[in-house]
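Notes to accompany the following structure.
Remember, it's 1-based here, ligands and their atoms both numbered in the order they're listed. This chain uses plain numbering: 1 for the first residue, then up along the sequence. This structure is a prediction, so every number in the text was calculated from the model and none was measured.
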Amino acid sequence: MSQVQRIHHFINGEFTAPPAARYFDKRSPVDGRVIAHIAEAGQAEVDAAVTAARSALKGEWGKLTTDQRVDLLYGVANEITRRFDDFVAAEMADTGQPAHVMTQVFIPRGAANFKVFADVIKNVAAESFRMATPDGKGALNYAIRNPKGVIGVISPWNAPFLLMTWKVGPALACGNTVVVKPSEETPLTATLLGEVMNAVGIPKGVYNVINGFGPDSAGAYLTQHPGVDAITFTGETRTGTAIMKAAAEGMRDVSFELGGKNAGIVFADCNFDAAVDGIFRSAFLNTGQVCLGTERVYVERPIFERFVAALKAKVESVRYGRPEDHASTYGPLISQEHRDKVLSYYKKAIDEGATLVTGGGVPEMPAELAGGSWVQPTIWTGLPETAAVVREEIFGPCCHVCPFDSEDEVINLANANDYGLATTIWTENLSRAHRVAERVEVGVTWVNSWFLRDLRTPFGGSKQSGIGREGGVHSLEFYTETRNVCIKL
Ligand SMILES: NC(=O)C1=CN([C@@H]2O[C@H](COP(=O)(O)OP(=O)(O)OC[C@H]3O[C@@H](n4cnc5c(N)ncnc54)[C@H](O)[C@@H]3O)[C@@H](O)[C@H]2O)C=CC1
Ligand SMILES: O=C(O)/C=C/C=C(\O)C(=O)O
């Protein structure tokens, strides 16, 4: 085997792989080189991780006070910040996305996910009700929150550290233990977090990582494991269906953040430049691999042509390049496999009669980057709402732009989809913004902004975009078992 680094599981506080472990290759999305060999967990490693997590619940971790847990989680956040450059480098290697996306969005959010939920658990109140009784003395009811137990965390590749810690932060704040199965495409920051946990003194077995794939591999073994009390998952809707079936055995609770086919709605009275910037960011940040991203743009007819021209100009100004080169503004897709999927939609769009505004193929890259999974950012117009490219999630750097004539029409267009994750609305008329926001069937609506996140707010999808809400106290609903105590006075 070459000198490429080996990535092991993190079980009971130790990086480990059995002597006969099977390894799979992790390739750089930037140039296609193998950058790591990842151990694939079998049933035995998943058993070991779940057993470690169960023992930790009964050990030192389970006996800590909330204040002690909170201090440890602040320690995790601080240690992530201290090792910021290591996390940036690991996530850049895994995803190929430009440094500014890592330093401004993904890695700081990892630290915030621990700090914010430490604050939430410290400050949350318990509900209580005084009730009358026939003897006139009354009774007092109050709720207590207990950890749910061992939480299985299954996370995707598009924002690996942000999305994984978004689940691990509140799970640990609530006193649970976790077994994480990061995406097979992006295991590096979950692995690094194991070092952080040890450095700050999180007890062994509280945070465990097992690597591997989904079906017939680590993901399925974890979700089917009877020792897992609840499963939190972010990923494709189809995968969510498989996990829900596994969770039905033993009546385990699930929290799902799934796919989206989000609409951007641009009214003629918008701040034009801000709307172009906002839609550009929402469609093309992270090479379009953002669940909250906009793949359907509806623009009010009087500004339609001007808007399409301005968006085209912005798209054509992206700078391809290596992530560590600060001049790069645009990275590759995560893998060749994902590129094949995105390119199949690029072809479908043309087959279905789209007008290609820009992009539509593979860019010409210098020889040293030619093995990467690069695609051109792409805009289409002219498709009917029935076209596959307008209905199905592509998860790539592309959008279809369509004109509309009235508020009612655009609300119907936005809602005519099986997904219901997010919307971004652009208008200077706040009454209209409020009216539209109330009627759009999504979990998250932004007005004159996009991806502006206050972590105390409910986050999740409607329709086929998810089950449940996480964020602030909503996360506590999932990560704790709320019990009522009734005391007869
Ligand atoms: N709603 C949200 O907040 C977000 C949703 N997503 C969605 O995630 C998708 C992209 O991420 P992917 O990694 O491709 O999703 P995916 O569903 O293919 O994989 C996600 C994770 O599930 C695991 N997995 C796959 N099949 C499994 C099975 N049968 N049992 C257990 N685990 C299994 C994978 O190994 C990976 O760790 C997109 O559809 C996107 O919209 C991504 C980010 C945020
Ligand atoms: O802010 C969140 O909690 C979720 C963000 C989702 C992404 O970053 C993504 O899908 O890329």
Side-chain angles (χ1 to χ4, degrees), residues 24 38 40-41 46 95 97 101 105-106 109-110 112-113 116 152-167 169-170 180-187 190 209-225 228 231-247 254-262 282 285-293 295 333-335 337-338 341 392-396 419-422 442-444 446 450-455 457-472 474-475:
F24 59 95
I38 322 282
E40 182 181 0
V46 176
T95 64
Q97 289 301 318
V101 180
V105 189
F106 290 172
R109 249 304 286 283
N113 284 338
V116 167
V153 176
I154 310 268
S155 51
W157 45 256
N158 58 312
F161 191 54
L162 182 163
L163 290 168
M164 185 264 295
T165 51
W166 172 242
K167 297 168 178 308
V180 176
K181 210 296 281 171
S183 168
E184 54 274 27
E185 303 284 0
T186 53
V209 182
I210 46 149
N211 289 300
F213 300 87
D216 302 318
S217 184
Y221 301 149
L222 180 61
T223 53
Q224 290 162 6
H225 202 292
V228 170
I231 301 163
T232 175
F233 166 71
T234 298
E236 283 188 30
T237 299
R238 211 179 36 232
T239 311
T241 307
I243 292 178
M244 198 160 178
K245 286 182 184 153
V254 294
S255 173
F256 285 170
E257 294 174 16
L258 307 174
K261 185 72 183 178
N262 309 305
S282 75
L285 181 81
N286 213 31
T287 318
Q289 304 163 119
V290 179
C291 61
L292 307 161
E295 289 188 356
L333 291 171
I334 189 69
S335 64
E337 192 191 0
H338 189 50
K341 176 187 160 190
E392 297 169 17
E393 180 185 51
I394 302 170
F395 218 55
Y419 293 111
L421 187 55
V442 295
V444 186
W446 281 285
W450 176 75
F451 205 175
L452 192 55
R453 295 279 286 114
D454 181 326
L455 306 188
T457 59
F459 180 87
S462 307
K463 303 199 270 190
Q464 290 191 21
S465 290
I467 296 181
R469 294 290 179 269
E470 296 195 31
H474 305 278
S475 293

Out of Glu392, Gln464, Glu393, Glu295, which one pairs with Lys261 under the side chain to side chain donor-acceptor pair (under 3.5 Å) rule?
Glu295

Numbering the atoms of ligand 1 from 1, which are under 4.0 Å from a heavy atom of Trp157?
11 (O), 12 (P), 13 (O), 14 (O)

Tell me, please: is Phe233 in heavy-atom contact with ligand 1, that is, under 4.0 Å?
yes

Can an N or O of Cys291 be found at a distance shorter than 3.5 Å from an N or O of ligand 2?
yes

Under 4.0 angstrom from ligand 1, any heavy atom of Ala159?
no

Heavy-atom contacts with Ala159 under 4.0 Å: which atoms of ligand 2 show up? List them by number with element.
8 (O), 11 (O)

Per-atom contacts, ligand 1 versus Pro182 - under 4.0 Å to a heavy atom
37 (O)

I'd like to know if Ala220 contacts ligand 1, where contact means a heavy-atom distance under 4.0 Å to any ligand atom.
yes

If you take the nearest heavy atom of each of Arg453, Lys167, Glu257, which one is closest to atom 1 (O) of ligand 2?
Arg453

Taking only heavy atoms of Ile154 into account, list the atoms of ligand 1 that are under 4.0 Å away from them.
21 (C), 22 (O), 23 (C), 32 (N), 37 (O)

With a cutoff of 4.0 Å, is Glu470 in contact with ligand 2, counting heavy atoms of the residue only?
no

Taking 4.0 angstrom as the limit and counting only heavy atoms of Asn158, give me the atoms of ligand 1 inside it, by number and element.
42 (C), 43 (C)

Any nitrogen or oxygen of Ser155, side chain or backbone, less than 3.5 Å from one on ligand 1?
yes

Is ligand 2 under 4.0 Å from a heavy atom in the side chain of Leu455, in the backbone, in both, or in neither?
neither

What is the nearest protein non-hydrogen atom to atom 4 (C) of ligand 2, stated with its residue, atom name and distance?
Phe459 CZ, 3.6 Å

